[in-house]
Asker: 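Take this structure first; my questions come after.
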Amino acid sequence: MEYKVTVATGTSKYSGTNNYIYLTLVGERGESERTVLDNPGLDFCRGAVDDYTVKSSADLGPLILVRLEKQKYWVEDNWFCRYVKVSIPGERRSYSFPCYRWLVGDKVIVELREGTAKKISDDTLPLEISHRTTELLERQKIYRWLAWAPGIQKCIDAKSEADLPQDARFDDEKRSDFEGSLQYALLELSLKKLALMFGKSWNDLEDFKRIFWKLRSPIAEYTMNHWKEDSFFGYQFLNGSNPRMISRCKELPSNFRVTGDMVQSSLIPTTTLKEELKKGNIFLVDQAIMDGIPANVIRDKAQHIAATLCLLYEHPEKGLIPIAIQLEQKPDKETPIFLPSDPPLAWLLAKMWVRHSEFQIFQVLSHLLRTHLVAEVFCVATLRQLPAVHPIYKLLAPHLRYTLEINCRSRTQLISSEGIFKRVVSTGGDGLLILAQRGYKVLTYRSLQPKFDFMDRGVTKIKDYFYRDHSMMLWDVIQNFVSGIVSLYYKSDREVEQDSEIQAWINDVAVEGFVDLPHFGLASELKTKEELITLLSMVIFTSTSQHAATNNGQFDWCAWVPNTPCTMRCPPPTDKDAVTMDMIMDTLPDISQSCMQMAITWHLGRAQPDAIPLGQYVEQYFTEPAALKVIDQFRKELKELEEHIIAQNEGQELPYLYLSPSRIENSITI
């Protein structure tokens, strides 16, 4: 027998190899000759798709796996294999073996299962079952759980990205771009001799325009021009970088000493605060989670934090507007309530304090804790408990690409004791971990599902809440896709319950990943298809849409530093009449801190050059026509949603496009 074998090499830099590659076909009736793959000229160049002939003394029967071996030739040279395809000349039979892995080291062997997705119950041959077991045992040695810090979910056991296996690392182009982009941003600002002006305050608010140079965006410029407006301030709670904090206010908190008389001038004349509370037109942003968080000390100067309360009113003409702000959670008789009727600078500074707290909560909780670290739990569990042939592994793998490395880099470069947050953010250092621990303690599985999140916050009817509307549409499309895939491989609830690998996976997630979280609300076993579909939909939604909603706009909303300051250098005001422009400038981030805020939010929020949009599967793990048909339908529904969102935003002065499918990455890569 002669078999035609096609081998595809990766397309990224350094994917090719000059080492020896051997291949053996393994079928139900035996193995082929161990064949060195060597054509005239160069083999396995970057992006190459090479054809070879592999011989066998007899028909091997249905093929089960392909065995690849790499041996050193002069020097060690790693190789990234995309896939292997096998056909028999003159016959219709053909096989696909997805790989998408690095072969690292000398005399390394990788065995690839044929591409048809199979649960453990679908495998009947001893070789198939032993291959699953061996693969998982090897992965569990490589991918281990680690309690990075007490009181938060576990992560991958790696001190830095250098400890990760090559399969979890950035491609070389991605790594170069990631490491170079922040330096580029800082260099742009350094050329203006601003980034090194430590401790020096700006002279006035107009001075912040000096760092608007090459780093800019239309929404960042809109923010610069409109940030003082109350309606724009309210809009950001709906569609800004942290759109999950606002809740309906049914009655005023006992520690928020607002009276109807105080806010009457902000309401329409024919109503009262009591009536508007009943109608559901009053909303609250309560930043109590910030209360008592220790503030950072930057260059020997103590920074300051406030746990604010902000009352908002959905005005029939002006939209959502703030009507009262309190800058602490435990007020006394002297604690002021800031109002729109106050001296303009006092009201402006009070809003800045709210936005400053928003920066901390958005970065640490909404962004890091609720997307990056949630996705990492499922990433580690998937690698540990699901073999590559499992349909749920094939479903999730593209949505977990690069997540381990970006999270390792976050822990070492962003939020570590010597990281960027420690240098410029008011919660940097001990405060950041305490804030994360508080956020983790109240994290629930229910709140990660958008339908319940909006219901529980009482915001299902508020107008112009584009984040809510687009999230719900995306959830429906993602859930339809997940349901289609799951239904191909699980015909009943019983099949879910009896899948020992999927049960080991959910147990790893619930018991190991989300450790010490009794009220999280995720069971350690799955009993129905519906439970599995909902959970997988949440994982994909979190890794794609939810991350895009919090990450992609951070430069737009934070580049104009007074709108969302990363730190405050003076305590909150206690006397409305004492607020001056000098006080505001001494409170806002200094020149160097402003430059770093602008650079880091541009670095993290910009579109990635190698971004793979939601639903675009460059790595084709599924090979069956039925699964590919479900994927095609997913793409069709995403395209229709994209067209709807673009049409909705046409002509809008302030468009909301963060959840356009083409702008959502398929996984958390930044």
Side-chain angles (χ1 to χ4, degrees), residues 238-239 241-247 366-367 369-372 374-375 377-378 392 395-396 398-400 403 443-462 464-487 509 520-522 526 528-553 612-617 630-649 656-668:
L238 301 177
N239 304 305
S241 54
N242 192 29
R244 49 160 292 272
M245 286 296 291
I246 188 169
S247 299
S366 302
H367 185 197
L369 184 84
R370 295 176 63 92
T371 63
H372 280 257
V374 166
V377 167
F378 289 94
I392 304 307
L395 173 66
L396 290 181
H399 301 291
L400 303 173
T403 299
L443 178 66
T444 65
Y445 174 46
R446 180 181 174 90
S447 72
L448 295 172
Q449 301 171 58
K451 175 183 175 181
F452 295 123
D453 176 43
F454 299 128
M455 285 173 51
D456 294 345
R457 290 192 286 118
V459 292
T460 57
K461 296 181 180 179
I462 192 169
D464 297 330
Y465 199 178
F466 306 121
Y467 159 74
R468 175 200 60 207
D469 299 340
H470 298 176
S471 291
M472 290 305 302
M473 290 187 284
L474 279 161
W475 175 271
D476 288 344
V477 171
I478 290 170
Q479 191 174 49
N480 287 343
F481 165 59
V482 171
S483 180
I485 292 293
V486 169
S487 296
V509 167
F520 183 56
L522 178 64
L526 291 165
T528 68
K529 283 175 59 178
E530 184 181 357
E531 289 177 355
L532 178 59
I533 290 166
T534 299
L535 180 57
L536 295 172
S537 300
M538 185 279 290
V539 175
I540 295 175
F541 179 84
T542 299
S543 301
T544 59
S545 310
Q546 190 60 54
H547 181 257
T550 55
N551 177 80
N552 294 2
I612 299 174
L614 176 60
Q616 303 305 309
Y617 296 104
V630 173
I631 292 172
D632 285 342
Q633 179 63 26
F634 182 38
R635 289 174 176 155
K636 179 183 177 183
E637 291 181 18
L638 288 171
K639 184 179 179 182
E640 291 171 354
L641 178 54
E642 174 97 9
E643 292 170 352
H644 170 79
I645 291 174
I646 290 174
Q648 182 188 60
N649 281 276
Y656 186 80
L657 297 170
Y658 302 120
L659 293 182
S660 298
S662 65
R663 300 191 181 201
I664 300 172
E665 277 207 72
N666 222 18
S667 61
I668 296 176

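Please read all numbers here as calculations on a predicted model, not as lab measurements. Computed from heavy atoms alone, side chains included, the values below leave out hydrogens, waters and symmetry copies.
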Asker: If we only count heavy atoms from C-beta on, is the H644 to E640 side-chain gap below 4.5 Å?
Answerer: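 A side-chain contact under 4.5 Å is absent here.
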Asker: Atom CD of residue position E530 - does it have more than 12 heavy atoms of other residues, nucleotides or ligands inside 6.0 Å?
Answerer: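 Atom CD in E530 is not packed in, count stays at 12 or less.
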Asker: When you check the side-chain N and O atoms of T550 and R244, is any donor under 3.5 Å from an acceptor?
Answerer: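 The criterion, which ignores hydrogens and geometry beyond distance, is not satisfied for R244 and T550.
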Asker: What is the distance from atom CZ of R370 to atom CG of L448, rounded to the nearest 0.5 Å?
Answerer: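 If we round to the nearest 0.5 Å, R370:CZ and L448:CG are 5.0 Å apart.
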Asker: Decide, yes or no, whether a salt bridge links D632 with K636 under the criterion of side-chain N to carboxylate O below 4.0 Å.
Answerer: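 No, this pair does not count.
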Asker: Would you call the rings of F520 and Y445 parallel, tilted or perpendicular, where under 30° means parallel and over 60° means perpendicular?
Answerer: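 Rings of F520 and Y445: tilted, as their planes differ by 30° to 60°.
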Asker: So, do P661 and I645 sit near enough that their side-chain heavy atoms are less than 4.5 Å apart?
Answerer: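 P661 reaches I645 side chain to side chain.
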Asker: I would like to know whether V477 and F634 meet side-chain contact (heavy atoms from CB on, under 4.5 Å); could you show each step before the answer?
Answerer: CA-CA 7 Å; V477 171; F634 182 38; 3.6 Å; yes
Asker: Looking at S471 and Y467, what are the two nearest heavy atoms and their distance?
Answerer: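 So the two residues come closest at OG-O, 2.7 Å.
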Asker: Could you tell me the separation between the CG atom of N552 and the NE2 atom of H547, rounded to the nearest 0.5 Å?
Answerer: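 So the CG of N552 and the NE2 of H547 are separated by 7.0 Å.
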Asker: Taking the six-membered ring for Trp, are Y656 and H470 parallel (under 30°), tilted (30 to 60°) or perpendicular (over 60°)?
Answerer: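 Tilted.
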Asker: Determine whether a donor-acceptor pair (N or O, by modelled atom type, separation under 3.5 Å) exists between the side chain of Y465 and the backbone of P243.
Answerer: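 At least one qualifying donor-acceptor pair exists.
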Asker: Just checking, is any N or O donor in the side chain of Q546 or T371 under 3.5 Å from an acceptor N or O on the other one?
Answerer: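 No, no side-chain donor-acceptor contact under 3.5 Å.
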Asker: Compare every heavy atom of S545 with every heavy atom of L614, then report the nearest pair and how far apart it is.
Answerer: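 Result for this residue pair: CD2-OG, 4.4 Å.
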Asker: Got a second to check how far L532's CG is from I392's CD1, nearest 0.5 Å?
Answerer: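 The CG atom of L532 sits 5.0 Å away from the CD1 atom of I392.
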Asker: Looking only at heavy atoms, what is the nearest atom pair of S543 and L400, with distance?
Answerer: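 Answer, listing the atom of S543 first, then L400: OG-CD2, 4.5 Å.
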Asker: Nearest 0.5 Å please: distance from the CD atom of E642 over to the CZ atom of R663.
Answerer: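 E642 CD to R663 CZ: 8.0 Å, rounded to 0.5 Å.
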Asker: Nearest 0.5 angstrom please: K451 NZ to T534 OG1, how far?
Answerer: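 OG1 of T534 is found 9.5 Å from NZ of K451.
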Asker: Within the distance-only criterion (no hydrogens, no angle test), does the side chain of D464 pair as donor or acceptor with the backbone N or O of N239 below 3.5 angstrom?
Answerer: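 Not a single qualifying donor-acceptor pair exists.
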Asker: Return the minimal non-hydrogen interatomic distance between G553 and Y658, and the atom names on each side.
Answerer: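 Minimum heavy-atom separation between G553 and Y658: CA-CE2, 3.5 Å.
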Asker: Taking all non-hydrogen atoms of both residues into account, name the closest pair between D456 and R446 and its distance.
Answerer: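 Distance-wise, the nearest heavy atoms are OD2-NE, 2.7 Å.
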Asker: V374 vs L443, test: side-chain contact (heavy atoms from CB on, under 4.5 Å). Steps then yes/no.
Answerer: CA-CA 10 Å; V374 166; L443 178 66; 4.3 Å; yes
Asker: Quick one: do L536 and I485 satisfy side-chain contact (heavy atoms from CB on, under 4.5 Å)? Show the steps, please.
Answerer: CA-CA 11 Å; L536 295 172; I485 292 293; over 6 Å; no
Asker: Do I540 and L395 have side-chain heavy atoms sitting under 4.5 Å apart?
Answerer: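 Heavy-atom side-chain distance check passes, below 4.5 Å.
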Asker: Are the ring centres of F541 and H399 closer than 6.0 Å?
Answerer: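 Centroid distance F541-H399: not below 6.0 Å, so no.
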Asker: With a 4.5 Å cut-off on side-chain heavy atoms, are N666 and Q616 touching?
Answerer: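 Side-chain contact under 4.5 Å: no.
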Asker: Please tell me if the side chains of L474 and I664 come closer than 4.5 Å, counting only heavy atoms from C-beta onward.
Answerer: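 A side-chain contact under 4.5 Å exists here.
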Asker: Apply side-chain contact (heavy atoms from CB on, under 4.5 Å) to F466 and N649, showing your working.
Answerer: CA-CA 10 Å; F466 306 121; N649 281 276; 5.8 Å; no
Asker: Working to the nearest 0.5 Å, report the span between OG of S662 and CG of L657.
Answerer: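 S662 OG to L657 CG: 8.5 Å, rounded to 0.5 Å.
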Asker: Are the side chain of T403 and the backbone of I668 linked by a donor-acceptor contact shorter than 3.5 Å?
Answerer: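 Answer holds: yes.
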Asker: Do L535 and F378 have side chains that approach each other closer than 4.5 Å (heavy atoms only, starting at C-beta)?
Answerer: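 Yes, close enough: below the 4.5 Å cut-off.
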Asker: Quick one: are I462 and R468 in side-chain contact, heavy atoms under 4.5 Å?
Answerer: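 Yes, close enough: below the 4.5 Å cut-off.
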Asker: Might you point out which heavy atoms bring L659 and A548 nearest each other, and give the distance in Å?
Answerer: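 Of all heavy-atom pairs spanning L659 and A548, the closest is CD2-CB, 4.3 Å.
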